[in-house]
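Heads up: the structure comes next, in structure tokens.
This chain uses plain numbering: 1 for the first residue, then up along the sequence. For the numbers below, each heavy atom of this structure counts, side chains included, while hydrogens, waters and symmetry mates do not. Order of listing sets the numbers, starting from 1, for every ligand and every atom in it.
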Amino acid sequence: MDGNGRWANRRFLPRLAGHRQGVESLRRCARACVQRGVQVLTVFAFSSENWNRPEEEVSGLMGLLANALAREVQQLSRDGVRLHFIGDRAGLGEKVCAGLAQAELATAHNSRLILNVCFNYGGRWDIAQAAARLAQRGAQITPQSLDREMALAHVPDPDLLIRTGGEMRISNFLLWQAAYSELFFSASLWPDFDEAALDEAIAAYNGRERRFGQTSAQVQQSQSSSLPKQMTT
Ligand code: FPP
């Protein structure tokens with residue numbers, strides 16, 4: 001969700017005002033996903049590296065999270081959203097952790113949209129923690145066993161990965177899971193990322209051919225064989 005800081009700078013506002021607007025944008029995007037039948041949305045809210053930001057911004061983001069939990073969970077739940085918080089909880093305060101667990105519990109019965117909020121998360125952290133858990137049990141490390149230990153084991157790999165704010169990097173997000181995701185880079189700053197911007201990304205995705213290592217001819221052949229046979233009269 002990149003571009004909150006620039007959105008605020010352009011309006012001569014403090015960076016935190018941009019993050020606040022980012023929460024609004026997240027609410028709008030989650031609702032738009034529900035309306036479009038998207039089943040899983042995973043967002044990067046705070047990275048393992050974001051601790052290096054000015055102290056004021058870090059504590060502001062922590063406060064924003066606590067605030068969003070208090071204000072948004074009921075409405076999200078009414079919209080059918082199930083929340084999961086992904087990341088290293090060891091680095092978060094006791095009160096924050098209790099709030100995350102409570103929000104997960106309060107929305108656990110919902111099934112229209114799984115909203116994974118990555119907080120104190122890094123793709124490298126995730127791979128390392130999964131490998132460490134396997135090593136601790138003396139289990140074999142294979143792509144399949146790692147898959148089962150990753151923090152996002154409860155959802156399929158993402159089909160589409162959108163980065164906003166015009167940056168063209170992965171920045172330690174879903175390093176393992178994005179192996180075959182379609183990438184879409186949007187120039188919109190996150191607070192400006194609206195339904196039209198989401199639709200643009202989905203339309204771009206729908207125009208892609210996903211080959212998963214196969215040739216284009218193979219993909220087209222398997223698609224045509226899975227199409228319903230034409231009726232003859
Ligand atoms: C990156 O933009 C954004 C962040 C580091 C924070 C994202 C957080 C939110 C959208 C709100 C918090 C979410 C929850 C669930 C509480 P940037 O600040 O790097 O923007 P810039 O590149 O324009 O400086």
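Considering backbone and side-chain atoms together, Arg6 places an N or O closer than 3.5 Å to an N or O of ligand 1.
In this structure, the protein non-hydrogen atom closest to atom 4 (C) of ligand 1 is His19 CE1, 3.8 Å. Regarding atom 10 (C) of ligand 1, its nearest protein heavy-atom neighbour is Asn4 ND2, 3.3 Å. Of all protein heavy atoms, the one lying nearest to atom 12 (C) of ligand 1 is Val23 CG2, 4.0 Å. Nearest to atom 3 (C) of ligand 1 among the protein's heavy atoms is Met1 O, 3.2 Å. Here the protein heavy atom with the shortest distance to atom 2 (O) of ligand 1 is Asp2 OD1, 3.2 Å. The nearest heavy-atom contact from the protein to atom 15 (C) of ligand 1 is Val117 CG1, 4.0 Å.
With a 6.0 Å radius and a threshold of 12 heavy atoms from other residues, nucleotides or ligands, Gln221 has its CD atom at or below the threshold. The environment of Phe212 atom CZ is dense: over 12 non-hydrogen atoms of other residues, nucleotides or ligands sit within 6.0 angstrom. Applying the 6.0 Å contact sphere to CD of Glu24 captures more than 12 heavy atoms from other residues, nucleotides or ligands. The environment of CZ in Arg124 is sparse: at most 12 heavy-atom neighbours from other residues, nucleotides or ligands sit within 6.0 Å.
The aromatic rings of Tyr121 and Trp125 stand perpendicular to each other, their planes meeting at an angle above 60°, with 30° marking the opposite boundary.
Contact check for Met168 versus Leu183: no side-chain heavy atoms found under the 4.5 Å cut-off.
Proximity of Glu167 to ligand 1 is not established, as no heavy-atom distance is less than 4.0 Å. Under the 4.0 angstrom criterion for non-hydrogen atoms, Arg53 is in contact with ligand 1. Between Gly3 and ligand 1 there is a heavy-atom distance shorter than 4.0 Å.
Note that Arg10 lies outside the cation-pi zone of Trp7, set by a 6.0 Å cut-off to the ring centre and a 45° limit from the axis.
The Ala45 neighbourhood of ligand 1 comprises atoms 6 (C), 7 (C), 8 (C), 13 (C), with distances under 4.0 Å to a heavy atom of that residue. In the vicinity of Asn50, heavy-atom distances shorter than 4.0 Å reach the ligand 1 atoms 5 (C). Ligand-side atoms of ligand 1 in range of Leu65: 16 (C), range being under 4.0 angstrom from any heavy atom.
Of the heavy atoms in Asn9, none comes closer than 4.0 Å to ligand 1.
With Glu209 as the partner, the side chain to side chain contact (heavy atoms under 4.5 Å, CB included) test is satisfied by one option alone out of Gln220, Gln214, Glu182: Gln220. Considering Asp79, Leu83, Ile114, Leu115 as possible partners of Thr107, the one that fulfils the side chain to side chain contact (heavy atoms under 4.5 Å, CB included) test is Leu83.
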